[in-house]
Colleague: 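Following this message is one structure expressed as structure tokens.
As a basis for the values below, the full set of heavy atoms in this structure was taken, side chains included, without hydrogen atoms, waters or symmetry mates. Here is how names work: the chains are called A, B, and so on, in the same order as the sequence lines, proteins then strands, and each is numbered from 1.
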Number of protein chains: 2
Amino acid sequence: MTSPHPSNANPPSTASSSPRSPEERSGDATRERILDAAENVFAKQGFHGTSLRDLAEAAGVTRSLIHHHFGSKEGLWIAVADRLFETYRAWQSSILREGAFGIEGFEESIRQFFLFLESSPNFVRLRAWTNAAQSAETPHRDLALLGVDRLRELQACGEIRSDIDPASALIGLFNLVEHWFQARTTLENRLGETLPGNHEFLEDLVRILIRGIRPCDGET
Amino acid sequence: MTSPHPSNANPPSTASSSPRSPEERSGDATRERILDAAENVFAKQGFHGTSLRDLAEAAGVTRSLIHHHFGSKEGLWIAVADRLFETYRAWQSSILREGAFGIEGFEESIRQFFLFLESSPNFVRLRAWTNAAQSAETPHRDLALLGVDRLRELQACGEIRSDIDPASALIGLFNLVEHWFQARTTLENRLGETLPGNHEFLEDLVRILIRGIRPCDGET
DNA sequence: ATCTGAATTGGCCGGCCGGTCAACCTCGAA
DNA sequence: TTCGAGGTTGACCGGCCGGCCAATTCAGAT
């Protein structure tokens, strides 16, 4: 954003903490309000299932204002996706970089990723929409490949069985956790009370995956 | 001004531009043709991303004809989904009922399900859309619960470790396979040539899952 | 030959879509 | 006090949407 006067970058009214103030004329606050509302609506209805009028009503603003701040419906969608994905990227990066090494680090990654998705239903649903549309999406090759490298190191140390591709293990981890939340509604319909709770499933999943990728006794 | 005399205003009888096939006047054949085309378009673009005009053009018919045969856009969507889902149901049923017993039967189920999804990309994509929309969908509780029972029997025989919920194992199986195909495009962007091929991933997946759910030596 | 009913068509409708525009409001800088 | 820039609004546009309908075609029964 090009600002003609960057020297004085104070918030306009210092004590505007009241959330429902009708004199909220701050562009930044309005942007945030639109983003928050759009995130919920887009996550629920997808891009094509959502109209600009839906978004304007949810945010309590006029259509023109959305266009003023985000240029177009697609611009708003991208802004929503970028914000959600940036949160995710930061999370994943911290998991991969500061996570403990060894097989315990792998287990911890599963739990962390599970808890993150559990706390971000909008992210899960937006991912489901982009999955269905098979949209290009930002690559993040670096982080994914970093994860594969981590597993490859573990494999070299004999912590992971040698007869599987580390990429398969990584994909399995991410797919299992992500699809658990994406398919939860469908699974509830099909399994009813037989469906495990979130934490029960997480523990079973960790048990299965950890034993599944470890070498057998005496195996290198 | 619109002419209020529709009786003989503009006779379009002379020289119809597109010569339709003379024998193609069978209602059933047309229905099938519309269903086939709609399956491809819906799978690619989803319900809200597809217009009746898209569908008519893809099927080579007029909009009115679609309305005549299926009542509405939603009726066509449901017809497409029903046809795909019925194929899937028959498959799953045969897998669960005639599949070999024992842990080999479980392994065989993974492979069968994998091959089925590999051969039905439209089914995979339609499932992705319904997942994202979290639409109700037909329950099929019976088949899912039958699978859980199968695994519970195996667990009682000591073929499956006792410290996991059979439902978790079943969900893991289905989620892994289905999400592999649903997320394949995204994974290609992220992993590039590091992404395993279909069959390599299937074999790794079987290895991980089978060892992951088996009891340890000496364990009941 | 005639009738009949389903298959099929083009044209039309009201309504919603995303987007644009000129104006208005508000407030801080000059 | 003036001024201007950004925030905000409502009205408006052309176009596409799903759906509806009267008219036409045609295969097969009578």
Colleague: Tell me the interatomic distance from B:Arg31, atom CZ, to C:dA6, atom C1', rounded to whole angstroms.
Modeller: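 The distance from CZ of B:Arg31 to C1' of C:dA6 comes to 14 Å, rounded to the nearest Å.
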
Colleague: What is the separation between atom CG on B:Leu65 and atom C1' on D:dA23, rounded to the nearest whole Å?
Modeller: 15 Å

Colleague: Under 4.0 Å: is that the gap between some side-chain N or O of B:Thr62 and OP1 or OP2 of C:dG10?
Modeller: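 Checking B:Thr62 against C:dG10: no side-chain N or O falls below 4.0 Å of OP1 or OP2.
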
Colleague: Is the B:Phe42 ring parallel, tilted or perpendicular to the B:Phe47 ring (thresholds 30°, 60°)?
Modeller: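 B:Phe42 and B:Phe47: parallel rings.
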
Colleague: State whether A:His48 places a side-chain N or O below 4.0 Å from either non-bridging phosphate oxygen (OP1 or OP2) of C:dC17.
Modeller: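 Answer is no, no contact under 4.0 Å.
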
Colleague: For the residue pair B:Trp129 and A:Trp129, does the interplanar ring angle fall in the parallel (under 30°), tilted (30 to 60°) or perpendicular (over 60°) class?
Modeller: tilted

Colleague: Rounding to an integer number of Å, can you tell me how far A:His69 NE2 sits from C:dG19 P?
Modeller: 16 Å

Colleague: Using the six-membered ring wherever Trp is involved, compare the ring planes of A:Phe201 and A:Trp180 and label them parallel, tilted or perpendicular (cut-offs 30° and 60°).
Modeller: parallel

Colleague: In whole Å, I'd like the distance from the CZ atom of B:Phe70 to the P atom of C:dA7.
Modeller: 11 Å

Colleague: Give a yes/no on whether any side-chain N or O of B:His68 is located under 4.0 angstrom from OP1 or OP2 of C:dT8.
Modeller: no

Colleague: Between A:Gln45 (CD) and C:dC17 (P), how many Å, whole number?
Modeller: 11 Å

Colleague: Any Lys/Arg nitrogen of B:Glu107 or B:Arg111 sitting under 4.0 Å from an Asp/Glu carboxylate oxygen of the other?
Modeller: yes

Colleague: Write down the atom of A:Leu173, the atom of A:Leu209, and the distance for their closest heavy-atom approach.
Modeller: CA-CD1, 4.0 Å

Colleague: What is the distance, rounded to the nearest whole Å, between atom CG of B:Asp28 and atom C1' of C:dT8?
Modeller: 15 Å

Colleague: What one-letter contact string describes nucleotides 11-21 of chain D from 5' to 3', where B marks a base within less than 4.0 Å of any protein heavy atom, S marks contact via sugar-phosphate atoms alone, and - marks no contact?
Modeller: B-----BBBBB

Colleague: Would you kindly give the CD1-to-C1' distance between A:Ile34 and D:dT8, to the nearest whole Å?
Modeller: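 From A:Ile34 CD1 to D:dT8 C1': 11 Å.
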
Colleague: Indicate yes or no: does B:Asp36 engage B:Arg83 in a salt bridge with an N to O separation below 4.0 Å.
Modeller: yes

